[in-house]
Amino acid sequence: MNYWLMKSEPGTYSWDDLVKDKKTIWDGVRNFQARNNIKAMKKGDMAFIYHSNEGKDIVGIAKITKEHFPDPSAEDWAVVEIAPVKKLKKSITLADIKANKKLANMVLVKNSRLSVQPVKESEFDCIMKMSQD
DNA sequence: GCCAACGTTGGC
DNA sequence: GCCAACGTTGGC
């Protein structure tokens, strides 16, 4: 089981949109590193949904329901299908993450521009714990 | 709205 | 193959 973090601007596609849609094709990735991560995703993996620009917080967890296949609108790129699992009781902001020493090495902190990034199990667990407050 | 950081492009 | 120029992302 692997963990990921996927970014979206809520004005473009938010957590609420995902809940409303029940599932979605995660498209629009146009970065090689992000594409590699998309391709590494396995069915059943978990992914945080992070709102960039507005909110700057992790709002919920989705799971990968279909492994990568070519983007219908751009063959050279890859997409996965995801479905919402649950909303975090308390969303975790970028400031919360930066304030936690255990999360100092998260890709979100180190390489904030990568739109699809891996999350370590320890980081995932830590954020889950933080969201319980 | 600004700008730093990063990725990509293209000239040499 | 290097690197300057450019475009984009995203935090502030």
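So you know, we letter chains A, B, ... as the sequences are listed, proteins then strands, and number each from 1.
Remark: D27(A) pairs with no residue by the side-chain hydrogen bond (donor to acceptor under 3.5 Å, both in side chains) rule, at least two apart or across chains. Partners of E9(A) under the side-chain hydrogen bond (donor to acceptor under 3.5 Å, both in side chains) rule, at least two apart in sequence or in another chain, are N53(A).
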Check residues 101-114 of chain A and write down every donor-acceptor pair under 3.5 Å in which the side-chain atom is one partner and the other belongs to a residue at least two apart or another chain.
none

Side-chain polar contacts of residues 39-46 of chain A - donor-acceptor pairs under 3.5 angstrom, sequence neighbours left out - could you list them?
residue	atom	partner	partner atom	Å
D45(A)	OD1	N2(A)	N	3.0
D45(A)	OD2	W4(A)	NE1	3.1
D45(A)	OD2	K42(A)	N	2.9

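For the salt bridge (Lys or Arg N to Asp or Glu O under 4.0 Å) condition, no pair includes a residue of residues 49-61 of chain A, sequence neighbours left out.
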Produce a footprint string for nucleotides 6-12 of chain C: one letter per nucleotide, 5' end first; B if the base is under 4.0 Å from any protein heavy atom, S if only the sugar-phosphate is, - if neither. -BBBBBB

